Amino acid sequence: MELNRLEQALHTARALVMADLVAGDVAEATIVSMVEDAVTHRRWWVEQWPDGVSFVTGLVAQDVQDALLEQYGRWPLCPVCTDEGPHALDVEPELGPDPHWVCTKATVSVAPVGSLALALGR
């Protein structure tokens, strides 16, 4: 795989996940470090499996979501189910191109990864 294609995919993934973190007002320095760690890990992953380059954005989003859950709590919270207890959105497809944040309780797509600001009205 061309290095440029890999780097472009990683930079895009970083930018999209950062946009969602900013939209959710959680883009603190320690959380940005989590994004960098996820990007570093996925760089290695795509070097091992070049055909997975189109899956990088969704995987970085999931990695950051998992890291946040361990240290801070659920993110991003669902803006659709306001009558239910707070719950996080999921990334779908789990391993595929064009990842979206989805609410599995309401079975709706909320926003593409990177566009959470629109769903949150920001």
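These numbers come from a predicted model, not from an experiment.
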Could you tell me the separation between the OG1 atom of T40 and the CZ atom of R43, rounded to the nearest 0.5 Å? 6.0 Å
At their closest point, which heavy atom of A111 faces which heavy atom of A119, and how far apart are they? CB-CB, 4.1 Å
Verify the cluster assignment for V32 and L69: are they in a single hydrophobic cluster under the rule of side-chain heavy atoms below 4.5 Å apart? no
Kindly state each residue pair satisfying salt bridge (Lys or Arg N to Asp or Glu O under 4.0 Å) with at least one member in residues 96-109, sequence neighbours excluded. E84-K105
Strictly by side chain to side chain donor-acceptor pair (under 3.5 Å), give each pair with a member in residues 107-121 just once, sequence neighbours left out. none
I need the full list of side chain to side chain donor-acceptor pair (under 3.5 Å) pairs touching residues 24-37, with sequence neighbours left out, sorted by first then second residue. R14-E36, D25-R122, T30-Y72
Where do P86 and R74 come nearest, in terms of heavy atoms and distance? O-NH1, 3.0 Å
Are L118 and L120 co-members of a hydrophobic cluster defined by side-chain heavy atoms under 4.5 Å apart? no
Taking only residues at least two apart or on different chains, which pairs with a member in residues 103-122 satisfy ring pair (Phe, Tyr, Trp, His ring centres under 6.0 Å)? none
Check V17, D20, L16 against L116 for a side-chain contact (heavy atoms from CB on, under 4.5 Å) and give me the one that passes. D20
Can you name the closest pair of heavy atoms from P99 and G96 and give their distance? CD-O, 4.4 Å
Taking every non-hydrogen atom, the tightest pair across P79 and V110: CG-CG1, 3.8 Å
Nearest 0.5 Å, what's the CG-CH2 distance between L77 and W101? 11.0 Å
For residues 55-67, which side-chain N or O atoms pair as donor and acceptor with protein atoms under 3.5 Å away, sequence neighbours left out?
from : atom 1 : to  : atom 2 : distance (Å)
Q62  : NE2    : E94 : O      : 2.9
D63  : OD1    : R42 : NH2    : 2.9
D63  : OD2    : R42 : NE     : 2.7
D63  : OD2    : R42 : NH2    : 3.4
Q65  : NE2    : W75 : O      : 2.8
Q65  : NE2    : L89 : O      : 2.6

Is it possible for you to say whether V53 and W49 belong to one hydrophobic cluster, with membership spreading through side-chain heavy-atom contacts below 4.5 Å? yes
Can you hop from I31 to V22 via hydrophobic side chains spaced under 4.5 Å? no
Does any pair with a residue in residues 6-34 pass ring pair (Phe, Tyr, Trp, His ring centres under 6.0 Å), and if so which ones, sequence neighbours excluded? none
Answer yes or no: is there a side-chain heavy-atom contact under 4.5 Å between L68 and L21? yes
